[in-house]
Amino acid sequence: MRFVVHRYAGRKAKSGHPGLPMGAADVATVLFTQFLKFDAAEPNWPDRDRFVLSAGHGSMLLYALLYLTGNKDMTLDQLKGFRQLGSLTPGHPENFHTKGIETTTGPLGQGIATSVGMALAEKMLAAEFGKKVVGHHTYVLASDGDLMEGRVAGKRSPWPGTGNSIS
């Protein structure tokens, strides 16, 4: 994983943030290979676990994970096109643009706030349809910047009540 990130992160773009992808590579590898319930061939499977990269500036981590887990749309050419116009690898992850991206995370705090909503929705759906139908979780990788942002900092955290958000 580190090789893929190091080799392709920011080379052509001559910009990017390789620190988060390189530093979180081991944790993300364990998460995606041993804990996350998903199918790379079917990124819209309804009962998949969700992974939200709230620290969107480290998007190469997510793109490398999509490539290494077999997402057919994420190729080496797409990784080489990181932050290039028209690529599936923009500077921040964008939902509905790249398959396997759960939510768009642009401004600091946006991803972590969205993940709380996802976890609450999961809890409500599980209450209505049962855990056999809705048995997934939301995993969040947030940065210190996400937590310091005004929309998130100083507010009471709703995560303990959801039981579905893991950060």
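Within the 4.5 Å cutoff, no side-chain heavy atoms of His97 are placed close to those of Ile101. With contacts defined as side-chain heavy-atom distances shorter than 4.5 Å, the pair Met60/Thr89 does not qualify. Contact of the Ile112 side chain with the Val52 side chain is not registered, since no non-hydrogen atoms from C-beta on lie closer than 4.5 Å. Residues Thr103 and Met118 form a side-chain contact, since some pair of their non-hydrogen atoms from C-beta on lies under 4.5 Å apart. Side-chain contact between Leu20 and Leu61 is present, with at least one heavy-atom pair separated by less than 4.5 Å. Residues Phe82 and Ser59 are in side-chain contact: their nearest non-hydrogen atoms beyond the backbone lie under 4.5 Å apart.
Scanning both residues, Trp45 and Asp39, for their nearest heavy atoms gives CE3-N, 4.1 Å. The minimum heavy-atom distance between Ser115 and Thr138, with the atom names listed, is CB-CG2, 3.9 Å. Across every non-hydrogen atom of His136 and Asp47, the tightest pair is ND1-OD1, 2.7 Å. For Thr98 against Pro90, the heavy-atom pair with the smallest separation is OG1-CD, 4.3 Å. Closest of all the heavy-atom pairs between Gly58 and Pro21 is O-CG, 3.7 Å. Scanning all heavy atoms of the two residues, the minimum distance from Leu79 to Ala64 falls at CD2-N, 4.1 Å.
No continuous path of ILVMFWY side-chain contacts below 4.5 Å connects Val116 to Met124, so the two sit in separate hydrophobic clusters. Both Val30 and Phe32 are members of a single hydrophobic cluster when ILVMFWY side chains are connected at heavy-atom separations under 4.5 Å. Grouping the Ile, Leu, Val, Met, Phe, Trp and Tyr side chains by contacts below 4.5 angstrom, directly or via other members, places Leu76 with Leu66.
Electrostatic pairing of Lys72 and Glu42 does not count as a salt bridge here, judged by no charged N lying under 4.0 Å from a carboxylate O.
Side-chain atoms of Tyr139 do not come within 3.5 Å of backbone N or O of Leu31 as any donor-acceptor pair. The closest donor-acceptor contact from the side chain of His137 to the backbone of Asp49 lies at 3.5 Å or more, if one exists at all. The backbone N or O of Ser54 sits nowhere less than 3.5 Å from a side-chain atom of Gln110 that would complete a donor-acceptor pair. The backbone N or O of Leu88 sits less than 3.5 Å from a side-chain atom of Gln78, completing a donor-acceptor pair. A donor-acceptor contact shorter than 3.5 Å links the side chain of Ser87 to the backbone of Gly81. In this structure a side-chain-to-backbone donor-acceptor pair under 3.5 Å is present from Arg50 to Arg48. A distance-only check finds no donor-acceptor pair linking the side chain of Ser143 to the backbone of Ala55 [under 3.5 Å].
Summarising the geometry, atom CD belonging to Glu102 is positioned 7.0 Å from atom CG belonging to Asn95; distances are rounded to the nearest 0.5 Å.
Side-chain contact check for Thr29 and Asp26: no donor-acceptor pair (N or O, by modelled atom type) lies under 3.5 Å.
Remark: Tyr67 OH is loosely packed, at most 12 non-hydrogen atoms of other residues, nucleotides or ligands lying under 6.0 Å away.
Note: Phe51 and Phe38 fail the aromatic proximity criterion, with ring centroids not under 6.0 Å apart.
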